[in-house]
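Scope of the values below: all heavy atoms of this structure, side chains included, with no hydrogens, waters or symmetry mates.
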Amino acid sequence: MASVNHSRARDRSSGKLDIAHMAPLAEAWDPGASEWTTDRREQYANDLGSERSLVAVTAKSNRSKSDKDPAQWLPPAAAAQCTYASDRVATELRWKLTIDTKEKTALEKLVGDCPDTVVEYEVAP
């Protein structure tokens with residue numbers, strides 16, 4: 001009878017996924033969230049009104065990204081970078097967050113490689 005290593009089986013389960021904020025909470029603080037009411041910050045943290053604001057990612061990827069902006073971190077898979085840029089910009093526009101010069105430069109460089117990527121968003125209520 002073969003034995004099963006249950007710890008390895010758990011490593012491959014959804015327990016290794018995190019729900020990440022496209023624009024991390026700490027990253028949103030300076031460009032606007034610090035001026036929001038507690039209720040508004042809670043709405044941002046739990047934004048289920050946009051499929052782009054919160055994303056399921058591996059725990060490893062989420063730890064790697066932490067509270068970094070696109071000038072400091074990009075998804076390691078090149079195929080995911082255009083989607084990341086689009087989702088990041090859509091989230092920042094949705095919540096009327098500003099970006100600094102380094103982030104803007106990084107995003108402009110990144111979207112240069114994404115000519116068919118469209119940014120769609122709805123302003124948060």
Side-chain angles (χ1 to χ4, degrees):
M1 175 183 238
S3 65
V4 176
N5 183 335
H6 292 288
S7 63
R8 282 194 178 163
R10 281 191 297 270
D11 286 349
R12 294 185 189 122
S13 74
S14 62
K16 290 292 181 178
L17 291 178
D18 283 356
I19 300 301
H21 293 89
M22 187 52 62
L25 298 172
E27 176 67 15
W29 187 257
D30 289 334
S34 62
E35 302 295 322
W36 294 346
T37 64
T38 301
D39 184 53
R40 184 75 170 163
R41 286 193 298 270
E42 188 174 303
Q43 289 172 352
Y44 178 80
N46 300 298
D47 186 8
L48 298 178
S50 171
E51 63 187 40
R52 296 170 170 247
S53 294
L54 300 171
V55 294
V57 299
T58 64
K60 180 180 178 182
S61 177
N62 197 31
R63 302 302 180 277
S64 170
K65 180 182 84 156
S66 184
D67 64 351
K68 298 174 181 137
D69 69 26
Q72 303 162 315
W73 183 90
L74 291 173
Q81 291 180 0
C82 292
T83 301
Y84 169 76
S86 176
D87 290 352
R88 176 75 185 224
V89 170
T91 299
E92 289 171 340
L93 290 170
R94 174 174 171 73
W95 290 95
K96 299 179 183 176
L97 299 172
T98 59
I99 61 174
D100 64 30
T101 303
K102 288 181 182 179
E103 182 178 352
K104 181 180 179 190
T105 300
L107 284 168
E108 286 173 340
K109 181 181 178 199
L110 182 59
V111 298
D113 296 330
C114 307
D116 298 325
T117 300
V118 176
V119 176
E120 295 180 6
Y121 73 96
E122 184 176 313
V123 175

Side-chain donor-acceptor pair present, Asp67, Trp29, cut-off under 3.5 Å: no
Look only at the side chain of Asp18 and the backbone of Ala20, and say whether a donor-acceptor pair between them is shorter than 3.5 Å. no
Is there a donor-acceptor pair closer than 3.5 Å between any side-chain N or O of Ser86 and the backbone N or O of Cys82? no
Which pairs of donor and acceptor atoms, one on a side chain in residues 54-61, lie under 3.5 Å apart (sequence neighbours left out)?
| from | atom 1 | to | atom 2 | distance (Å) |
| --- | --- | --- | --- | --- |
| Thr58 | OG1 | Ser61 | N | 3.1 |

Test Ile99 against every option in Leu107, Val89, Thr105 by the side-chain contact (heavy atoms from CB on, under 4.5 Å) rule and name the one that passes. Leu107
So which of Asn46, Asp47, Asp39 actually passes side-chain contact (heavy atoms from CB on, under 4.5 Å) with Gln43? Asp39
Between CZ on residue Arg41 and CD on residue Glu35, distance to nearest 0.5 Å: 9.5 Å
Spacing of Leu97 atom CG and Glu92 atom CD [to the nearest 0.5 Å]: 6.0 Å
Least distance between heavy atoms, Tyr44 atom then Pro24 atom: OH-O, 4.3 Å
For residues Thr91 and Ser53, report the shortest heavy-atom separation together with the two atoms involved. OG1-CA, 3.7 Å
Checking side-chain contact (heavy atoms from CB on, under 4.5 Å) for the pair Arg94/Arg52: CA distance, chi angles, key distance, verdict? CA-CA 10 Å; Arg94 174 174 171 73; Arg52 296 170 170 247; over 6 Å; no
Tabulate below the donor-acceptor pairs under 3.5 Å that side-chain atoms of residues 68-76 make, not counting sequence neighbours, or state none.
| from | atom 1 | to | atom 2 | distance (Å) |
| --- | --- | --- | --- | --- |
| Lys68 | NZ | Ser64 | O | 2.9 |
| Asp69 | OD1 | Ala71 | N | 2.8 |
| Asp69 | OD1 | Gln72 | N | 3.3 |
| Gln72 | OE1 | Asp69 | N | 3.0 |
| Trp73 | NE1 | Ser64 | OG | 2.9 |

Atom pairs and distances, side-chain donor-acceptor, residues 115-122, under 3.5 Å, sequence neighbours left out:
none

If two hydrophobic side chains count as joined below 4.5 Å and joins carry through other members, does Leu25 share a cluster with Met22? no
Under 4.5 Å between side-chain heavy atoms, hopping through other hydrophobics if needed: is there a path connecting Val123 to Trp95? no
